[in-house]
Each structure stands twice: as C-alpha cells, then as structure tokens.
Amino acid sequence: MASRYNHREVEPKWRARWADAKIDRALSPDEAKGKPKAYVLEMFPYPSGRIHVGHSRNYTMGDVIARFRRANGYNVLHPMGWDAFGLPAENAAMERGIHPKGWTYDNIAAMKSQLKLLGLAIDWDREIATCDPSYYKHQQAIFLAFWKQGLVYRKKQKVNWDPVDMTVLANEQVVDGKGWRSGAPVETRELEQWMFKVTAYAEDLLQAIGGLDKWPDKVRLMQSNWIGKSQGAKIWWPIAEAPAFLPSSPAGEPNHARDPIEVYTTRPDTLFGASFLALAPDHPLTKAIAEHNPEVAKFIAEAASLGTSEADIEKAPKFGVDLGVRVKHPFDENWVLPVWAANFVLSTYGTGAIFGSPAGDQRDLDFANKYRLPFKPVVLPPGADPATHTITTEAYTDDGTTYNSQFLDGLPTREALSRAIDELVKRKRGEATTQWRLRDWGVSRQRYWGCPIPAIHCEKCGVVPVLEKDLPVTLPEDVKFDRPGNPLAHHPTWKHTTCPTCGGKAERETDTLDTFVDSSWYFARFTDPKNESQPFDKALANYWLPVDQYVGGIEHAVLHLLYSRFFTRGLRDCGLLDLPSGEPFASLFTQGMVVHETYKSAAGQWLLPEETDVKDGARVELKTGAPVQVGDIEKMSKSKKNVVDLDAFVTDFGADVARWFVLSDSPPERDVEWTASGVKGAWGFVQRVWTLVESYGQNAPKPDAVAPAMEPDAHALRQLAHRTVAAVTDDIEGFRFNVAVARSYELVNAIAKLKSTDAGSMFARGEALRILAQLIAPFMPHLAEESWEKLGFNPFVATAPWPKADPALAARTTVTLPIQVNGKKRGEIEAAKGAAEADVREQALAHPSVAQFLAGQTVRKVIVVPDRIVNIVVG
RNA sequence: GCGAGCGUGGCGAAACCUGGUAGACGCAACGGACUUAAAAUCCGUUUCCCGUAAGGGAGUGCGGGUUCAAUUCCCGCCGCUCGCACCA
C-alpha cells in the first residue's frame, strides 16, 4: 500500500538541503564562465505585515522562470528585498505607539519566513531593505550625483497636498482628485519642492518605448499616453483693447496685463476659423481683471466650486465670462476677437489659454453656441461641397481640405499646419512647439519614515549639498508622533548642523524622498548589494542589467516603471552605469491577481473564509450558524478579509499545492479565483504523481539509457512524454503556465493508464516519470525533488539540466486527417506524415462514409492540405 | 469623450500569433467499482437539439464580408473590463 505524500516532512527537508548546498546563489561573472546570465525579478514587496496566498502568485511566476532558466544553463540572479519605507509604518506608530523601524523590521522577519515557506529559488544573501542606512546612504549619493548633473532642482510651486497624510503627492499619486493612499480630497498649496527633472528625458523615454518589444502593449501605450507628446504652436495675440484699470505691462513678464496673450494649439491650420480666446480661471490676466470686475470674480469662484472628479467633469456645464479684452488676429491686424475666461481651460496644460475654433473642436463649438459667438468652418471634409457645408452642433475634428482661409485655401490639413506655422514665424506671431503631459517629479515628502534628502539650508550660502563623506544622513531614532506633520521638523536637535561650505550655523532639509525613489534603482543594487563605497560596482551592474524578466502588477504600469526608466538614464548620464539601451527591464510581465469571494456576517462584519462553511448549499458563519452574505469576488485584501493565510495553507496542503493552484486554470495575466475545489484539484494532482512515483520505485532509466523493444502502448507513452517536453518548454517560455499545467495532467493520465509491467512498459513509464518530475520542478519544486530522488536520481532535480525532447519520438509519424465535404467533417483517415497528396486524395474519396455524401454529386475540387485536412467540394 | 483589451459548455479555460477535427486540461454534476458506511481512490458519461441506437442537425455575443474552409482575417453593431480624461 502506497503511503501518502507527506508535504509536512518533505517540503522543509528539501528547503534545508537547497540552502545547505547554496544552489540558489548567483555566480559572479568570473565563476559563470561563459554561461549566459538571466536576471529574474519580481517587484519587491512592501513589508505590510503578513502575506497571504494572493501574494504568492507573483513570486511563483518569477520562480518558475528562474528555475527554468537555471535548468537551461543560465547563471541566474533571483533576489528578494523590501520596499520598506512608507506611511503605514508611521501610521502604525501613531496608532499603536510602536516605532516605525521596529514595526518594519518585525514585518520583514515575519514575511521573510513566510516567503521561505514557498520554496522560492532566491539568493537570500542579496537581501536588501530600503530603510536600512546601508541602502539609503547610496540613494543619497545618487541624489547628489543627480543634483550635480542638473537633474535635481528646487521649485516653489503649487503642490497636491493630502490633508490626511499631511504630505505632498506627485501628480501620479492623485487619483480622481483624491490621495492614492488616504483617499482624501487633495488640496492645493504653494511649497518649495525638490524636483527630479524627468522631462529632461521626455523625448528619449517616449522614443525608447518603441524598443520595449517584450513589454505588454498595454503598458507601452499607457506610458506613451502618460508622457503625452503633442506638437503644435504657440501663438501670440497682441492686445487691441483692454479695460482701463489694467496696469501697463512690466517688461519681461509674459501673460500679464497688456502683453500679447500666448496660447497653445495643435491646430494652427484653423486660425482663420478663430472665434474667441479663452483663458483659464486662474490665468494671471483673469485674476488681474477679477480684482476690478465682480462678475469675473464670481466666475472664478464658481469655476473653483466645481469638483474635479471624473463624474463632476462629465456633468460640469461649460461656462465663461467676457473679460472685456480684445486681441488682434495674428494674420490680420484689423480682425479683433473677444477674450473670455472659460472653466474648461486648464491652467496646468499648455499656456493656460486657447483660441476657440468652434467648427473644429466640440468644446469650442458648445461654448460658441452657448454665448452666440460667430464662427465659420475652415476644414472641408473629403467629398463635402464648400458651398453647402455647415457646422451647427457637431464639430468636424478630422483632417480635410482647408478653405475660407486666405493663403491656406486648398491645402490638405497636414500641409496647412506647417504652412500656418511658417507664416506665424515669419510675422513673429508664434512658433512651433512641443507640449508634454509629463511633468517633473516632485519628490519632497513631509514625513519621517523615508530617505532624508541630503541637503543643508544655510542663511549665507543658500541650499547646499551634504558632503559625500558625511553620508549617510541617518534618521534620528528618538522621534515622537504625538502631533500631525513632519516629526523630523519637530525634532529638537536633529536638523541643527553646520554649513559644509562656510561652517556657519545651518539647518538640515527635513523633507524625505518619495518612496518611489527607493524602488527606482533597487534592481541595480541587487547586482552588488554589499558594496559599501558605492551604490553598485559598475562592472557588476553592467553584467547583470537589464533585468531579463520583470514580473509585477499592472498597477505599476506608469509610476514605478517610468521612474525606473528615468533613473537608469540619470545613472547612465552620471557615469554610474553603462546601459546601452538605457532601459532597466528588457522583458516585463504583468500578472493577474488572486481574487476570492467576500463574506459578511448578518451584522455586516467582514468574515475570513475560514470563519464560514457551506451547509446544505448555503454559506453560514461557523461560530453562530447564521447565514453569511456572499459578496463580490475581489482582489484578496486584508480590509475585506477575503484572504487565505499562507502559513496555515502551507501547513494543511503544502507550498507546492499553493504554487500549482495559482498557476493552473487561468492565464497568468488574468485574475484567478481562489476556490476550495481548485485547491482540491491541485492537492489531488500532488497525491496522484506521488502514488505513481512511489509504486514505480528506484530504477527509472537514466536519460542516456537505450530503450528496449516495446509494445505500441508503451511506445505511445514515450512519444507523448517527449512531445510534452517540447510543449511545456514552449509554454513556459511563452508564459502559458496554465497550458503547461494542463499538459502535465495529460502526461500523468497517460502514465496511469499504461498498466503493463513488461520491460518495455517499465522503461516507458520510468522515462515518463523522470520527465514529469523535471517538467513540474519549476512549479512544484519539493514534490519534484522528492520524486527525483525516489526514482533513483541524485539530487537535485533543481540543478539537473532541462530535459530534451528526442525529435524522433516527439515528431508524429502518422497523422489523422479529417475529411470534409463542403466544409463539414464526414470522416477521417490515418495517413503517414508527409504522405503524397495523390494518395491521400484517393483514400479520402474512397472513404465509405464520405462516399455517401458524394453519391450523385459532382466533385468539383479536392483540397488536400498536407498533414492537416482534406476538403472535398461538391455540387 | 478618447484609447486599449475581452466576449467559446454549468464554471475556469484550450485552440486565435501562423484560417484547417471547436471545447484539450481542470472543476462541478451524473452513473458505476471498492467499502458495513463515509472519506479517499479507480472506471465511465458530460456543448445543445432530434434519435433506443446508428446517425443527423445546430453551435465560439449579434449582423455582414473574404475563403474550398472563419473561434481565428476584415467591416458594422451590442455587452463587459481596464487606462486616460475639459490635454486645446
């Protein structure tokens, strides 16, 4: 009687043996001796507490790739670390009086032991935590290097202020006008901010997306949109009339009072269709006029009172006010247009001012119609009659032929665009320009638990960098969280220092860096994690980078991935890295989440899955027996309690079952629902494999063993095994883990089906089991290792070379050809692979059930697709 | 509003890249074996309709098109999901 597979003994045993043998250690370039390198990385976790089975999917996918690459002869770097700075640590400190550092390191310890349970092939010697001075010291050095390089600057600007978290947010961290973490409506404040000059690389960041051919199209598109390049023209409109109260223009101040008004447009070809100018509510001129004109002041207040959320914008009516200013048309001194302020003009894009060309823009058209501003169409759609074409409520925004436009008449839109710009330049009324949606990255955060910005404020010398020899600027440990705001600023002594330039009294910068900075270069630190003197050795980073396979969630499609791309460029330009492409991640995979049903008690409390049970087809609360409200299937999250704890699960079912399950059933990029029945399936598979292995025993044939003569059944199993090798190899390469899983089931089913015990069958079965153990090794490493040993091989399957399919066995010698009559299948024949078309044709026509359908009909055509199909056309 | 993706049995899905037997594999369900019984395990059935069967018909969101042949390619709808969003 076969004993059950005991994962509780087997799994820890192999993890200990792998650790002892250090099989997961990445080799140095010298040790690797010509082996190709493979850097496999999953986005590192924030140490929030405990991990649940939902987290395991991301790491398991990376682990499959890492193990697969290793078996295929690569020198693999597969590290793990902790994105350890961040607000939750401070919140815990405030709520529970724990120090953020203690909270963070406790969580790291807990999560590390949990992650280890999964049996991931990780080189733990390279572990890093971003909150450790040994890490952020180098981040401060990089900051100084960027500063020197002109990639860091300070700017007083309006910032997004999160009133709950009491800190500044980057544009990217504002979602629907709310803080991405707190969910509180974001306020606007003017603050002196540390900025990273991301826009210095705008063009490169955009162009290089074209070379990221192993990134999902979706992510590439999202980044392109985010960078948002738009080409057009700036146009200056001289003031013709203005209210008397406006002061005359001080020299050199654009957009003010009586200077020409600068607008941005992508459609200078429609200038002759201009009807009005519209300024943003907070445009300097609008504000200046509001001081004297109550109607305009009222308009500004009304515009500000409208929300900025999607729904608000959708509903918000377009409205405006005539500012009483008139401007001259750039192409015609005598043509005077009114200047309005309008709520749909954004001060944050372009110049905060537009010219309205109603026939070619829906918003402008709605606005013109509402306020009865005259306009005329200037773009003729293809095929339209210039004599009758009119625009009433529907703007025509596509290309066409320009008309009603003097010297632009008759030009196609594209040509009219460049002609119009040429003319603007000639008349000194405008110039070609490129607008970016991308903004520089404000990195100042008024928080404690982050990387201190290595700068010093001196009354005499201004803002000066900390000397490199004085790094790291470490966080003080004795901080209090008893009042809102930045504990660093409140600290009694920490910020007091001396100026490195003049030696006088000075104060430290109390802002810390946005935690996205920490994660923008960690992948480089992994290449040389112990380096004390520099962020990383250039040669080592050059050897390992770019990351060959990056795995993580789609939620980082813009922020983290864009910032990292900025960083590798900055590091390159500071001479710290030679990365030919400039790109940190050669290949990116965005995996789907693990989702689970949510449960609520009758009292409306969220319930953990294990607090419920199914009785008589209905879900009830275990404790009370009361019915449970089953809610939506959502991403596993602690707040909704729809999580399955990893420790408990590994104890009950084993890490291999968790790993296998999260990769089965659903394509990796799609979400997978965690269900009890799915677990059961994975569990059953583990037992089934083990039963087959154990009953086979020690003497599986070695890879080079010569096969004895065998019965057709046994031979068929051999063929299937070798075909499965080829198929699973392809599937793993192509991230089709769910299909690889299905093929493993097929192989197991076939092994179980072959019952004979003659020498040929034993050979075929043993070989198939050996292959099976190897193919499932990246997925279920513990079971595979135990099976490998049981079958009589030396440890470790983890380091054994990946099996090779014998082409002679994997290739099919005969094929089943379906025979269609007029596209409907009417029979099938067996034919040798590559059989002559004439023979196949003859066989097909002679097939009895096919012949039935041919009777009394004329065969018009016989299509023979070699080795695929035969179609007989009759009629 | 703009952009992208998806739509296949009771369910998760495969086949789509490269047009060629639609539904691999798993789950669930049903029938059977073993068992005092249950669990576990094993064997079988399972897209729908007609038929005892042999067999026939329909079928990949809907409507068209290309083709000997369309889940696959093209056009137009419908629905869902995601991203961006008054970006001039």
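Just so it is clear, the structure is predicted and the values come from calculations on it, not from any experiment. Here is the naming used below: chain letters follow the sequence lines, and residue numbers restart at 1 for every chain.
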Does [N] pair with anything, Watson-Crick or G-U wobble, both distances under 3.5 Å, and if so, with which nucleotide?
| N | value |
| --- | --- |
| G1(B) | C84(B) |
| G7(B) | C78(B) |
| U52(B) | none |
| A29(B) | U45(B) |

What interatomic distance, in whole Å, is found between [atom1] of [M] and the corresponding atom of [N]?
| N | M | atom1 | result |
| --- | --- | --- | --- |
| G61(B) | A70(B) | C1' | 16 Å |
| A54(B) | A37(B) | P | 34 Å |
| U8(B) | C48(B) | C1' | 14 Å |
| G20(B) | A38(B) | C1' | 50 Å |
| G7(B) | G55(B) | C1' | 33 Å |
| A39(B) | U45(B) | P | 22 Å |
| C74(B) | A88(B) | C1' | 35 Å |
| G79(B) | A29(B) | P | 36 Å |

Hey, does the side chain of Arg437(A) come within less than 4.0 Å of A85(B)'s phosphate (OP1/OP2), counting only N and O?
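For A85(B), OP1/OP2 do have a side-chain N/O of Arg437(A) under 4.0 Å.
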Among [options], the nucleotide that comes nearest once only the side chain of [X] is considered:
| X | options | result |
| --- | --- | --- |
| Ser677(A) | U21(B), C27(B), A15(B) | C27(B) |
| Ala742(A) | C86(B), A88(B), A24(B) | A24(B) |
| Tyr745(A) | U21(B), C25(B), A88(B) | C25(B) |
| Thr816(A) | A15(B), C68(B), U21(B) | U21(B) |
| Glu746(A) | C27(B), C84(B), C25(B) | C25(B) |
| Ile869(A) | C86(B), U21(B), C84(B) | U21(B) |

Specify the residue among Val873(A) and Asn749(A) whose closest nucleotide of RNA chain B lies further upstream toward the 5′ end.
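The residue whose closest nucleotide sits nearer the 5' end is Asn749(A).
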With RNA chain B as reference, determine whether Val739(A) or Arg868(A) sits nearer its 5' end, using the nearest nucleotide of each.
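The residue whose closest nucleotide sits nearer the 5' end is Val739(A).
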Ion pair Asp366(A)/Arg363(A), N-O distance below 4.0 Å
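No.
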Would you call Asp399(A) and Arg414(A) a salt bridge, using N to O less than 4.0 angstrom?
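Counted as a salt bridge, because a side-chain N and a carboxylate O are separated by less than 4.0 Å.
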Listing request: all salt bridge (Lys or Arg N to Asp or Glu O under 4.0 Å) pairs with a residue in residues 732-742 of chain A, at least two apart in sequence or in separate chains.
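Sorted result for residues 732-742 of chain A: Arg69(A)-Glu733(A), Asp731(A)-Arg736(A).
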Residues in ring-ring contact (aromatic ring centres under 6.0 Å, His included) contact with [X], at least two apart in sequence or another chain:
| X | answer |
| --- | --- |
| Trp683(A) | His7(A), Phe653(A) |
| Tyr696(A) | none |
| Phe735(A) | Phe589(A), Phe737(A) |
| Phe375(A) | none |

Atom-to-atom span, [atom1] of [X] to [atom2] of [N] - whole angstrom:
| X | N | atom1 | atom2 | answer |
| --- | --- | --- | --- | --- |
| Phe355(A) | A88(B) | CZ | P | 12 Å |
| Trp674(A) | G26(B) | CH2 | C1' | 15 Å |
| Leu747(A) | C25(B) | CG | P | 13 Å |
| Glu394(A) | G1(B) | CD | P | 11 Å |
| Gln820(A) | U21(B) | CD | C1' | 8 Å |
| Arg812(A) | U21(B) | CZ | C1' | 13 Å |
| Met593(A) | U81(B) | CE | C1' | 14 Å |
| His847(A) | U21(B) | NE2 | P | 16 Å |

Given protein heavy atoms under 4.0 Å, the one-letter contact record of nucleotides 4-13 of chain B, with B base, S sugar-phosphate only and - none, is simply S-------BS
Sugar-phosphate means primed atoms, P, OP1 and OP2; the rest is base. With that split, encode nucleotides 41-67 of chain B 5' to 3' as B, S or - using protein heavy atoms under 4.0 Å.
-S-S-----------SSS---------
Give me syn or anti for G64(B), where syn covers glycosidic angles within 90 degrees of 0.
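You should classify G64(B) as anti.
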Do [X] side-chain atoms and [Y] backbone N/O form a donor-acceptor pair below 3.5 Å?
| X | Y | value |
| --- | --- | --- |
| Thr402(A) | Val379(A) | no |
| Arg659(A) | Met780(A) | no |
| Gln223(A) | Ala557(A) | yes |

What pairs of residues pass the side chain to side chain donor-acceptor pair (under 3.5 Å) test when at least one of them lies in residues 848-868 of chain A, not counting sequence neighbours?
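Only His847(A)-Ser849(A) qualify under side chain to side chain donor-acceptor pair (under 3.5 Å).
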Could you check whether Gln435(A) gets within reach of a base, just the sugar-phosphate, or nothing at all, counting any heavy atom under 4.0 Å?
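Since no nucleic acid heavy atom lies under 4.0 Å of Gln435(A), the category is nothing.
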At under 4.0 Å between heavy atoms, what does Asn871(A) touch on the DNA or RNA strands: base, sugar-phosphate, or nothing?
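Answer is base: heavy atoms of Asn871(A) come under 4.0 Å of a base.
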With Asn58(A) via side chain to side chain contact (heavy atoms under 4.5 Å, CB included) - residues at least two apart:
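Side chain to side chain contact (heavy atoms under 4.5 Å, CB included) check on Asn58(A) returns Glu42(A), Val551(A), Gln591(A).
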